[in-house]
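Comments concern the structure below.
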Amino acid sequence: MALGSSSGGIFSHDSFIFRKKYLVIGIVAAVILCTVIFGVGLGIGLRDDGTPDIQLTAEYVLSRVPLVDGHNDLAYHYRTRGVYRVNDVDLHQWAKVETDIARLRQGKLGAQFWSAFMDCDAQYSDALRISMEQVDIIKRFIARYPDVFQFVTTAKGIRDAFAAGKIGSLIGLEGGHSIDSSLGILRMYYDLGVRYMTLTHSCNTPWADNWMADDNNTYEFDGLSSFGGVVVKEMNRLGMMVDLSHVSYKTMDDALSVTKAPVIFSHSGAYAKCAHNRNVRDDILTKLKANGGIVMVMFYPDYINCSTTASADDIADHIEYIKNTIGADHVGIGGDYEGTDRVPKDLEDVSKYPHLFEILIKRGWSLEELEKLAGNNLIRVFEEVEKVKEYLAQEVPFEDLMPYNEVNHTCRSNF
């Protein structure tokens, strides 16, 4: 019998076709089985038609890495709506606000920078008192719910709180007028746990121009003054993140030239998508990439759509623009809940974060990109800031003083 004849035998043509057929069937079955097992292992389910379940994919991402939001003004509402009475407010369900424990859990939040904020009209008056009271409020509502919140001050602390099933809670100081032009006060805020400071709010400080100066040409320093540069350097030495939301275009540029550590925009957008001076222009984005920093995209319609309405898709547009312009390593989320009078459709409160991730999944974002957006980017920046602190550990504190005649000294003694 000749090898390869069609008359039968182990090497027959029919036998070969038979084995090839079932080999193909076996491979297909194995691929299907591995897909199902892999999907289940990841927490990613399949729909009846075999396509990935978008909702489960979003939940999977937010179960793997902490979702870190860069800015929430809940503490200010304890002041304005709760009359500073933390003990009288049940944060499990607080109908007056967009943020409560029930909705935080539903939104899969892993960590939050709680903002210590005071209005610009407190500058040169009682800004220091109000901001210190805000820090107190944040610490007290964290302490009141120890099963939910964990006060943290390091990048590792964020991951540890997440591993413990708690919301890592940090403090961001919103507005450089809170330090009353004093490096000593800046250092005391750090000791209290403040881990970023926004250099200005919507007013110039005695050492930096704010974003409204770009609107109405009310520059005082054309960016940072020499003392403002020292503020940035001292923040680097301390290990406090420099936040450039709210500052003028030139202040952004100056700060990026001075800093030795990556910076953040805790709640801003892309200027190319909405030409508002609260947003970040492309040339600053390019410098931000070189710096290693991130823009945490906010949800305020006025800065997202340059109008009074916006949708979750519009927020996704800003996020994608930044990713496509400077890479997925340089974007995060800074919703600014409780800090605005309008929120986007489908992102009405803190329970809605997963919906934003579902949109990006539909747009083709990879799991790695989604995890970077959620929290890995912010944690990476925080770690780099901590490394710069270690590098500068032998540096002595800056002792520069603002000259008396350069500060509005209505409430200051002459010293």
Side-chain angles (χ1 to χ4, degrees), residues 67-82 84 89 91 94-100 103-104 107 109 111-123 127 130-131 133-135 137-138 141-142 167 169-178 194-203 210-212 241 243-247 264-269 274 276-280 295-310 312 314-315 318-319 332-353 356 378:
L67 168 58
V68 184
D69 185 290
H71 198 87
N72 185 300
D73 283 294
L74 179 65
Y76 196 68
H77 286 312
Y78 270 102
R79 171 182 169 85
T80 60
R81 303 180 188 186
Y84 275 118
V89 172
L91 195 56
W94 192 5
K96 292 182 178 181
V97 296
E98 300 149 359
T99 306
D100 61 23
R103 285 176 286 179
L104 286 170
L109 188 74
Q112 180 68 65
F113 281 88
W114 303 104
S115 173
F117 164 73
M118 73 306 310
D119 294 302
C120 279
D121 59 11
Q123 184 165 213
I130 296 171
S131 55
E133 289 174 341
Q134 290 290 100
V135 170
I137 283 176
I138 293 168
F141 75 67
I142 292 170
I167 299 171
S169 295
L170 307 98
I171 303 175
L173 188 64
E174 187 177 19
H177 55 292
S178 296
V194 171
R195 287 302 178 265
Y196 78 64
M197 181 176 74
T198 320
L199 297 187
T200 71
H201 193 251
S202 298
C203 53
N210 82 104
W211 69 272
M212 293 186 73
M241 285 179 279
D243 176 21
L244 300 182
S245 288
H246 282 286
V247 307
I264 66 169
F265 289 81
S266 67
H267 56 307
S268 293
C274 168
H276 193 292
N277 285 319
R278 272 284 280 105
N279 290 333
V280 189
V295 179
M296 306 181 84
V297 174
M298 72 172 324
F299 297 170
Y300 188 41
D302 296 48
Y303 305 159
I304 292 298
N305 255 9
C306 289
S307 72
T308 59
T309 61
D314 296 321
I315 310 302
H318 276 251
I319 291 171
I333 293 174
D336 200 17
Y337 284 115
E338 313 303 343
T340 68
D341 56 359
R342 289 181 294 279
V343 290
K345 184 180 182 296
D346 297 324
L347 287 174
E348 291 85 359
D349 58 51
V350 295
S351 71
K352 305 294 186 179
Y353 292 113
L356 179 59
L378 184 280

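Excluded from the calculations below are hydrogen atoms, water molecules and symmetry mates; all remaining heavy atoms, backbone and side chain alike, are included. The structure displayed is predicted, hence computed values, not measured ones.
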- [ ] Specify the closest pair of heavy atoms between M118 and A122, including all atoms of both residues, with the distance to one decimal.
- [x] CG-CB, 4.3 Å

- [ ] Apply the test side-chain contact (heavy atoms from CB on, under 4.5 Å) to residues F113 and S266: give CA-CA distance (whole Å), side-chain angles for both, the deciding distance (0.1 Å), then the verdict.
- [x] CA-CA 9 Å; F113 281 88; S266 67; over 6 Å; no

Task: Residues that Y300 engages under ring-ring contact (aromatic ring centres under 6.0 Å, His included), provided they are two or more places apart - done: Y303

Task: Inter-residue atom distance L378.CG - M241.CE, 0.5 Å rounding - done: 5.5 Å

- [ ] Answer whether the closest heavy-atom distance between the side chains of V297 and I304 falls below 4.5 Å.
- [x] yes

- [ ] Nearest 0.5 Å please: distance from the CG atom of N279 over to the SG atom of C306.
- [x] 7.0 Å

Task: Point-to-point distance, once rounded to the nearest 0.5 Å, from OG1 of T340 to CE of M298 - done: 6.5 Å

- [ ] For E133 and Y84, work out which heavy atoms get closest and say how close.
- [x] OE1-OH, 3.1 Å

- [ ] Using ring-ring contact (aromatic ring centres under 6.0 Å, His included) as the criterion, list what pairs up with H71, not counting sequence neighbours.
- [x] H267

Task: Side chain proximity check, D73 to D336, heavy atoms < 4.5 angstrom - done: yes

TODO: Quick one: closest heavy-atom pair of I138 and A116, and the distance?
DONE: CD1-N, 4.0 Å

Open item on the list: Please check this pair: side chain of H177 against backbone of H201, looking for a donor-acceptor N/O pair closer than 3.5 Å.
Closed with: no

Task: Closest approach of S115 to Q134 (non-hydrogen atoms, all atoms of both residues) - done: O-NE2, 4.2 Å

Open item on the list: Is it the case that the side chains of D69 and Q112 hold a donor-acceptor pair, with the cut-off being a distance below 3.5 Å and no angle test?
Closed with: yes

TODO: To the nearest 0.5 Å, tell me how far K352 NZ sits from D346 CG.
DONE: 7.0 Å

Task: Nearest-0.5 Å distance, CG of residue D349 to CD of residue E338 - done: 9.0 Å

Open item on the list: Please evaluate residues H246 and E174 with respect to the criterion side chain to side chain donor-acceptor pair (under 3.5 Å), reporting the C-alpha separation (whole Å), side-chain torsions for both, the decisive distance (0.1 Å), and the verdict.
Closed with: CA-CA 9 Å; H246 282 286; E174 187 177 19; 3.2 Å; yes

TODO: Enter the distance from L104:CG to I167:CD1 here, rounded to the nearest 0.5 Å.
DONE: 4.5 Å

- [ ] Would you please name every residue forming a ring-ring contact (aromatic ring centres under 6.0 Å, His included) with Y76, sequence neighbours left out?
- [x] F117

- [ ] Go through N210 and S202 one step at a time and tell me if the side chain to side chain donor-acceptor pair (under 3.5 Å) criterion holds.
- [x] CA-CA 6 Å; N210 82 104; S202 298; 5.0 Å; no

Task: Heavy-atom pair of closest approach, residues S169 and W114 - done: OG-NE1, 3.2 Å

Open item on the list: Ignoring hydrogens, what is the shortest heavy-atom contact between L74 and T99? Give both atom names and the distance.
Closed with: CD1-O, 4.0 Å

Open item on the list: Could you tell me if the side chain of L109 sits less than 4.5 Å from the side chain of V350, heavy atoms only?
Closed with: no

TODO: Identify, with sequence neighbours excluded, every residue that meets side chain to side chain donor-acceptor pair (under 3.5 Å) alongside S245.
DONE: S268

TODO: Applying side chain to side chain donor-acceptor pair (under 3.5 Å), name anything that partners R81, two or more places apart in sequence or on another chain.
DONE: H77

TODO: For F299, enumerate each residue passing the ring-ring contact (aromatic ring centres under 6.0 Å, His included) test, keeping only those at least two apart in sequence or located in another chain.
DONE: Y337

